[in-house]
Each structure stands twice: as C-alpha cells, then as structure tokens.
**Q** 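Handing you a structure now.
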Protein chains: 2
Amino acid sequence: MSTPGRGLHGRVLDTLGPAITAGEYPAGSVLRTDELAQRFEVSRSVMREAVRVLESMHLVESRRRVGVTVLAECEWNVYDPQVIRWRLAGSERPRQLRSLTVLRSAVEPVAAGLAARLATPEQCAELTECALGMVANSRGHRLEEYLFHDVAFHRVILTASGNEMFARLGGVVAEVLAGRTHHDVMFEDPDPAAVTLHVQVAEAVRARDAERAERLTREITEGALQELDILAP
Amino acid sequence: MSTPGRGLHGRVLDTLGPAITAGEYPAGSVLRTDELAQRFEVSRSVMREAVRVLESMHLVESRRRVGVTVLAECEWNVYDPQVIRWRLAGSERPRQLRSLTVLRSAVEPVAAGLAARLATPEQCAELTECALGMVANSRGHRLEEYLFHDVAFHRVILTASGNEMFARLGGVVAEVLAGRTHHDVMFEDPDPAAVTLHVQVAEAVRARDAERAERLTREITEGALQELDILAP
DNA sequence: GTGACATATAAGTCTGACTTTTTGTTCCCG
DNA sequence: CGGGAACAAAAAGTCAGACTTATATGTCAC
C-alpha cells in the first residue's frame, strides 16, 4: 500500500521497520550501521538515511562509539502512519487494533459533534450518500463495497470536524475498518443496527444536531469496542 | 528543549523544519538538495539525511529530476512531536494550540474513564499527590510549581488509561499547558474551580468511578476550550 | 579506590565520480 | 499541422574511500 520502493533506503526500511516494531530486537539492542549496510547490501550512505528515518520515528537512537540502539516501545512515535502500518502487519496487530479502536472511541464522537456544527452542505450530501451506499451494500456479502462507503463515511466526519488532527486520523480509521473486514471475522453481513446508526448520524449532522450526532457516533464506536471484547460501560 | 544539536543534519532541521511548517515555502515549492547543502554549508550527504527526515514527516517529497517538493499542509504528520513543536514555536502557534486543545477534549475524558478502571494503587496515590500539589500552589503566583503538578497530573491520567496512544499524548499536553502558562494570558492564579475539579477527578479514579471521572475531566477540558474561545455546547 | 590519561571504536562528515529516472524538447513522419 | 519516438539535460540516487570526532572503556599512577 501507499509507497512501495521509494529508493533503496525505503527497501531497507520495509524490512527493518517491521522487524523492530515486531519486537525482534529487544529495547536496548545495539546495531551497527556498517554491519546493517553489509547485511542489506547497500552503501553506508543509504543505510545512514534509513537509520535517520528510524531515528525520527524514535524507534532507534544513534550514538557515537556505541551504535544504533533500539528504543523502548514507550518511546516510539505510535502516531506515525508508517509505524502503525508496520505494527498492523506484524504480530502486534491485535494490540495495535485495540489501541486504535479505543482512540477512535474517544475521537470520533467529538468529531461528529463538531461536524454537525461545521459541515458544509456538500459534506452533508456526501455523508448521506455514504450512508445510503452502506445501506445498499449491507446485504448479500457485498463486503468490499460496504467497506468502501464505511471508510468514506468516517473520513467525511473527521474532515468535516474542521480539526486537522482529527482529519489526519482518516487514514488510520480506514486501516482499522479494512483490517476488520479482511483479516478478522467478518464473514457475515454487517450488523443492521450499525448501518442504521450511520444513517442516523448523517441525519443528525444534516439537522445540525451536535449532541445527537455525538451520542449516535458514540454508540457506533462502542459497538466497535465490543467487537474486540474491550470492556465498556 | 529535548534534543538540541544531535549532529549536523539536526541543525539543518532546526532551521528548515520551522521554516516549512511556518509556511515560508508554499505547498508545491521546489527546493534542490545541492542548493540547500550550499545554503546551510553542509555536505550533500548531510543534506540528504535531513531531507529524508522531512520526507518521513511528509513535509516534503523528493522526486528525481524534479527536486524536493514541499507538500500541502494536509499531508503533514501533524502528530509528530517534532512537527508539533515547530508549529508551536512559529506563527501557526494559535491554530496549533486550538487543534491540540480540541484533541485533548476528546481524549482526556475517555482516558480518565479508563484510568478509573485500570489505575494501579501507586498511580492513584501519584494522582492525589499531584492534585494536592496543585492545591498547595494555586495561590500566590506560584505558577511554575502549579504547572509542574498540573502536567504530572494529566500525564498520570493518560498513562494510567493503559492505552499507549493516549499515553503518548502526555508530552503534547505538557506543551499545551506550558504554553498557556508561559506565553498566553495567565498572570492571575489558576481558576479555583479547575483546581477543585482535578481533586475530584483524583477522588473519582481512586473510587473506581469511571463515569464520574470521565464527566469531571470533560468539565476540565471544556474549560480549556472556553479559554481559547472555542465554541462549546 | 580514585582520578587522569591513553586508546580503540563506531558514528559522523566530506568529496568526487558514476548511475538512473524523469521531463521536456526536438525532430521526423503521417 | 499534429502526434509520437528519439534524444538530451537535470536532478536525485548510489557508491566507495578517506578522514574527523566523540566517547566508552581500560590502564596506570597516586
């Protein structure tokens, strides 16, 4: 997905990033740039660029006379989309999915409330369109089409909130929803109750009813929490 | 703060990062690596490392035969602590502060609710200690001491939530609170009502009353929103 | 044991040559 | 006159080698 192979250093990252985020090198492990360069058969300059990127993600720290030290998980930039993707692809997937779903449960209701106040007429229209698309594909194992509209729906909500930080979570939510459809148990058609809630959120936003939009969205995200067996009120 | 001068490429970033995030180069502007290297009086290798880091933050995109293109604001990794710091230091400060405060208003109440369920006895103790520290320094222009305990309080809440993504926002909240104390209008002693709320949150967490902890924290964050004239319910 | 000093090590830096990709131009032919 | 293929130039990408610098660690005298 996104950007496969944007240069040699990117290839290195595609291997090293997932390895580190998967915990293959325990915190405190020390790597040497030269050794890594040999292992990946690239020049030191390329390897250094890769290390610099990992460093900017706070996955590693490079110190003179010591080497490249792998940092503890609590230091990582867990909001970096690249890091999120690496973790979603590895063995940490379930935990990452839980973290993200909890984050969603905090952010999306507030975003929906703001969207109800700030959404443009175009965004309102887009929203109802998405909701209708979800309804139309909610039966007959049209999972891909359903997912497409579901992702679009949440993206519009987050964008319409007018908050750049919320908007930036659109990609994350997309990956969570896609993950649920593709990897996890989702053989059956989506829950009709969830579909209805989306339609109602679209209505509430169009009606500028912030409180209602927030409450309904909270119901949606609480459903997502329950799917993952995360304790709810 | 944090890491001043971790190598030559870091110095370059200290100048180039703020410049880009401040909007000095409009989206679509094209820079050339060699020219930049000359301008900053560093070698191309160092400049390339800096560009790679900016690229990993999605601030720029490097393409052959074209150069280093500055990306649109909506592409930026606005959750990267470095990017946040750069923006808080520049002319985008007010907007960044608003975004972050809205994010806080979404995250912290949910985090407090989770903390009420999951906090360890040690964390509960720490929390009450912080709240008491806030009370003790809430009068007599002891702003720095008050800030210290305030930051610690919110950090404990976010950490005790058990969610790594929430925990990671501790630093961000710290910068927001520090910014409010140092830059903005905060000559008077803190609002007594806010102090009381913190004490009550600590009590609620200790009493494992998730709903109450969430509600009280929501009151705190709504106060923060009002301070910035962000429309509230 | 403590402090100063020496040493080895690995990252950091610079330079210059070469490769590769991409874009824009030119030129030929339909 | 238009479209497509060949060409040329530009900028990033890659590599190899030499050199610098910081620093952890070990050594020795006191």
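Remember, predicted model here, so these are calculated numbers, not experimental data. Residue numbering restarts at 1 for every chain, and letters A, B, ... go by the order of the sequence lines.
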**Q** Counting heavy atoms from C-beta on, name the nucleotide in dA12(D), dC15(D), dT23(C) closest to the side chain of Val66(B).
**A** dT23(C)

**Q** Are any of Ser43(B)'s side-chain N or O atoms less than 4.0 Å away from OP1 or OP2 of dT13(C)?
**A**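 Negative; the distance criterion is not met.
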
**Q** Looking at dA12(D), dT23(C), dG12(C), which one has an atom nearest to any side-chain atom of Arg52(A)?
**A** dG12(C)

**Q** Check whether any side-chain N or O of Ser45(B) sits under 4.0 Å from OP1 or OP2 of dG12(C), and answer yes or no.
**A**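 False: Ser45(B) side-chain N/O out of range (4.0 Å or more) of dG12(C) OP1/OP2.
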
**Q** Could you tell me whether the side chain of Arg64(A) has a donor or acceptor atom within less than 3.5 Å of a complementary atom in the base of dA22(D)?
**A** no

**Q** Could you tell me the separation between the CG atom of Leu13(A) and the P atom of dG13(D), rounded to a whole number of Å?
**A** 13 Å

**Q** Between Glu49(A) (CD) and dG12(C) (P), how many Å, whole number?
**A**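 Computing the Glu49(A):CD to dG12(C):P distance gives 13 Å.
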
**Q** Quick one: are the ring centres of His154(A) and His149(A) less than 6.0 Å apart?
**A** no

**Q** Tell me whether the side-chain N/O atoms of Arg63(B) come closer than 4.0 Å to OP1 or OP2 in dG13(D).
**A** no

**Q** Check whether the side chains of Glu164(A) and Ser99(B) place a donor and an acceptor atom closer than 3.5 Å, and report yes or no.
**A**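 The answer is yes; a qualifying pair exists.
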
**Q** State whether Arg44(B) places a side-chain N or O below 4.0 Å from either non-bridging phosphate oxygen (OP1 or OP2) of dG16(C).
**A** no

**Q** Could you state the atom-to-atom distance from CZ of Arg11(B) to P of dT21(D) in whole Å?
**A**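 Between P of dT21(D) and CZ of Arg11(B): 13 Å.
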
**Q** Looking just at side-chain N and O atoms, do Glu144(B) and His182(B) make a donor-acceptor pair shorter than 3.5 Å?
**A**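 Short answer, yes.
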
**Q** Can a side-chain donor-acceptor contact be found between Ser45(A) and Ser45(B) if the only test is distance below 3.5 angstrom?
**A** no

**Q** Check the distance between dC14(C)'s P and Glu41(B)'s CD and give it to me in whole angstrom.
**A**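 Atom CD in Glu41(B) sits about 10 Å away from atom P in dC14(C).
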
**Q** Are any side-chain N or O atoms of Glu55(A) and backbone N or O atoms of Ser62(A), one a donor and one an acceptor, separated by less than 3.5 Å?
**A** yes

**Q** At under 4.0 Å between heavy atoms, what does Val51(A) touch on the DNA or RNA strands: base, sugar-phosphate, or nothing?
**A**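 Counting heavy atoms under 4.0 Å across all strands, no contact is made by Val51(A).
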
**Q** Of the nucleotides dT15(C), dT14(D), dT23(C), which one has an atom closest to the side chain of Arg48(B)?
**A** dT14(D)

**Q** To the nearest Å, how far apart are Leu36(A) CG and dG12(C) C1'?
**A** 16 Å

**Q** Provide, to the nearest angstrom, the distance between the CD atom belonging to Glu61(A) and the C1' atom belonging to dA10(C).
**A** 15 Å

**Q** Check whether the side chain of Arg65(A) and the base of dA8(C) form a donor-acceptor pair under 3.5 Å.
**A**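 Donor-acceptor pair under 3.5 Å: yes.
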
**Q** To the nearest Å, give me how far apart CD (Gln38(A)) and P (dC15(D)) are.
**A**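 Rounded to the whole Å, the gap is 13 Å.
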
**Q** Provide, to the nearest angstrom, the distance between the CG atom belonging to Asp34(A) and the P atom belonging to dA18(D).
**A** 14 Å

